[in-house]
Amino acid sequence: MISLLAKRVFWTNFLGAIAIFGFVAGSVFAIGYEAVGRLVDAEMRIRGQQFADLLLGPGSYADAMFTGISRDPGAETFVRKVADLSSIDGYALFDREGNEMFRSRSERYEWLLRDRPGGVSTGDKLSPSIVSRPGFWQVVYDDGQSNPSVVMPLVRDGRTIGFLSVVADMISERYHYQSTLARTYALIVLIVLCATIVPFILYHLRRRKITEADERIRFLADHDSLTQLLNRRRMQEACDQLLFKIRATREDLAYLYVDLDDLSEINDRCGQARGDEILRIVARRLAASLDDEDLVARIGPDDFAIVRRRVAERGVVRDLAQKLSDAVSEPIEIDGHMIAPKISIGCAFAPEHGRSHSELVKHAEIAHFHHKGDRHGPLVFFEPQMDEVMHRRRHVEAHIKRAVENGGFELFYQPLVRGDDGSLVGFEALLRLRDDKGVLIPPSEFVPIAEARGYIKAIGSWVISEATRQIAEWPEPLFVSVNLSAVQFVDGDLVDIIRRALNAAGIEGWRLEVEVVESLMLERSTAILDQLFALKQLGISIDMDDFGTGYSSLGYLWRFPFDKLKVDQSFMKALENGEPNVKEIVRTIVSLAHQMKMKVTTEGVETEEQARFLASLGCDQLQGYFFGRPLPARETAEKFLVGYRRNDRFGDGARSAAVRRIA
């Protein structure tokens, strides 16, 4: 995650440190080489001086070699032995004019003339510049490869009697000096390395970690930790910058609000971890479908935002939305389940629909809600009139929230009668909500909003508690039927909620019926089936609601032993409109249910003709406006339960519809 600039700084510093280290190392070795030369030079001077002292000593060895006459015939041999012991490879003597007088061996013809008694004379001569030097001096010659030599005057009693040239064998000494200094300088280099390079590397490693941490902090500040997309704050900043630019460029900008549908249901079914994985996959698919200049961010739990610049026409955005939908909807296998994610997309344009980020988000979100309810096309473009619809939605949502917190819901009750004789058998409890003026808000409007905002479980629990409390006040054997949502099964505590409600009301389980939609059976969840069986053990009747309108309804009847089928009211509307084969279909449903030991309730009965037709089919229970509209509990008791008798009928042809009563 290190930036390019940080990498350049690191490598520049590193190469600089290497250069400095190389310079120091090279300097150390150069100094070492010079030191070896100085040591050899000093050693040669000492050996030359010691050998000269020997020649000028009491033995007068120098005189013998100059003249060839010696008082000691073994003088030359003695001098040669001393030279050998002193590692002197050869020596030569010159007179005061620089002419060679004696040489211990021929270096020029070494292969032919080695050490020879009496020495040899090669005719060499010292240069005048050497001979003319005053006083005592020493000249050392060392090329660093061959044996070094030293030339010096032989001075006796302050008078130069000649000159001495000594060649010493310094190979072992030179090697010793070099190896000793090499070890010393290697240790110095190592110390320098540890003192400079190692701290430098440690410093940069620490700096690198700090840089990575800083960049990680900046990344997390600008990106969503789960999907790695831009977060809401960074998206707003980037969008504000673009909105400022388009004031000058006059280009159109498209803001897409993308919502992942049914994420809460995926989390409930597969778990939070699997839901997060779905979000990551969807985020990658969205990002992969965009151009480099597009912006994409996660701005909510299941909401994304996309910004596209330089939009020439709406068709381009429509094509982009189709591409996004196709990419996201590719099936994903999670724990053996194939999930095909779906998205809803709303689009607002700048500057047409807003000149600020907040306006674009608001209008794109409104358009997205319309797409959620109307799946025609890959997206919905914002229109000004949509704002009124969204205002209404927020208004209803506020009422729902207050009703949940303050008990503002009501239950209306619609009668159910026996099909063969019309006697009252029970009621269905129906949820109602009023606005500030006391006007009822249609359930088709507030129930989807409550589901979307996660209020259904709390509402459903209240419905169960209130319905059981109310039926306990009404005479037996009347029962009450309530609708259950799939959400109420998720947490696994539905059976306990119902059991507590029955105990609080003091009634038996047979006085409560629960209605579930057939889509619930699509889950094939063991947990759901276990809860349904537990409810049956409490004596509660389990009814399949809206039978015949959903999926392959007949395929679910064998998965759970339902007690009752409720034929959807759409069949009665079709029967009233004279559509063909409706009677045969209803007759088949009733016959099938009876053969499977289930009762049948038909909803939406509005005419006496429909009632008598269903009675002729043996339909067990009937429900509809013909017998009574849903009413509050007090009005229900006044209209249907005053003078209630078990054998009361819903009326016959002699009674007028205006005064038709069950009791």
Side-chain angles (χ1 to χ4, degrees), residues 32-66 70 72 74-96 98-108 110 113-122 124-127 129-131 133-182 184:
Y33 183 80
E34 178 69 18
V36 171
R38 291 180 179 275
L39 289 172
V40 171
D41 182 277
E43 181 66 20
M44 281 303 302
R45 292 177 186 274
I46 293 173
R47 290 190 185 187
Q49 184 62 52
Q50 290 176 345
F51 194 70
D53 292 343
L54 174 67
L55 294 178
L56 296 173
S60 299
Y61 300 117
D63 295 336
M65 292 181 183
F66 279 130
S70 176
D72 183 359
E76 181 183 343
T77 302
F78 175 75
V79 171
R80 287 182 181 276
K81 287 182 178 180
V82 171
D84 289 339
L85 292 174
S86 301
S87 298
I88 294 177
D89 192 50
Y91 56 93
L93 277 79
F94 300 85
D95 62 14
R96 286 181 296 178
N99 297 313
E100 184 181 73
M101 302 299 296
F102 180 89
R103 184 175 291 277
S104 64
R105 61 188 301 178
S106 173
E107 297 171 355
R108 190 177 305 164
E110 186 177 2
L113 299 173
R114 292 192 174 275
D115 294 345
R116 177 184 178 191
V120 297
S121 179
T122 61
D124 289 342
K125 187 175 181 178
L126 296 176
S127 66
S129 61
I130 294 294
V131 174
R133 285 189 175 188
F136 180 80
W137 46 266
Q138 288 179 311
V139 176
V140 178
Y141 173 75
D142 179 21
D143 60 3
Q145 303 295 327
S146 59
N147 287 331
S149 64
V150 60
V151 178
M152 56 186 296
L154 294 173
V155 181
R156 178 186 292 164
D157 299 330
R159 186 174 64 90
T160 300
I161 64 172
F163 299 93
L164 172 65
S165 173
V166 176
V167 178
D169 183 3
M170 294 288 292
I171 295 177
S172 60
E173 286 81 355
R174 188 189 300 276
Y175 175 77
H176 175 71
Y177 295 152
Q178 289 175 340
S179 60
T180 301
L181 287 175
T184 302

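- Considering only heavy atoms from C-beta on, F51 stays 4.5 Å or farther from M152 through its side chain.
- The CZ atom of R38 sits 12.5 Å away from the CG atom of D142 when rounded to the nearest 0.5 Å.
- Looking only at distances, no side-chain donor or acceptor of S104 sits under 3.5 Å from a matching main-chain atom of G90.
- At least one side-chain heavy atom of L56 sits under 4.5 Å from a side-chain heavy atom of I161.
- Between Y141 and D143 there is a side-chain heavy-atom pair separated by less than 4.5 Å.
- Scanning all heavy atoms of the two residues, the minimum distance from V131 to G98 falls at CG2-CA, 3.8 Å.
- With F163 as the partner, the side-chain contact (heavy atoms from CB on, under 4.5 Å) test is satisfied by one option alone out of D95, N99, L93, L126: L126.
- Summarising the geometry of G48 relative to V150, their closest heavy-atom pair is CA-CG1, 4.0 Å, with the distance given to 0.1 Å.
- Between R96 and G162, the shortest heavy-atom distance links the atoms CG-N, 3.9 Å.
- Among all heavy-atom pairs drawn from M44 and V166, the shortest one is CE-O, 3.7 Å.
- The shortest side-chain heavy-atom distance between V151 and W137 falls under the 4.5 Å cut-off.
- Judged by distance alone, the side chain of R47 and the main-chain N or O of A168 form no donor-acceptor pair under 3.5 Å.
- Separation of atoms CZ (R133) and OG1 (T160) is listed at 12.5 Å; rounding is to 0.5 Å.
- Contact check for F94 versus R103: side-chain heavy atoms found under the 4.5 Å cut-off.
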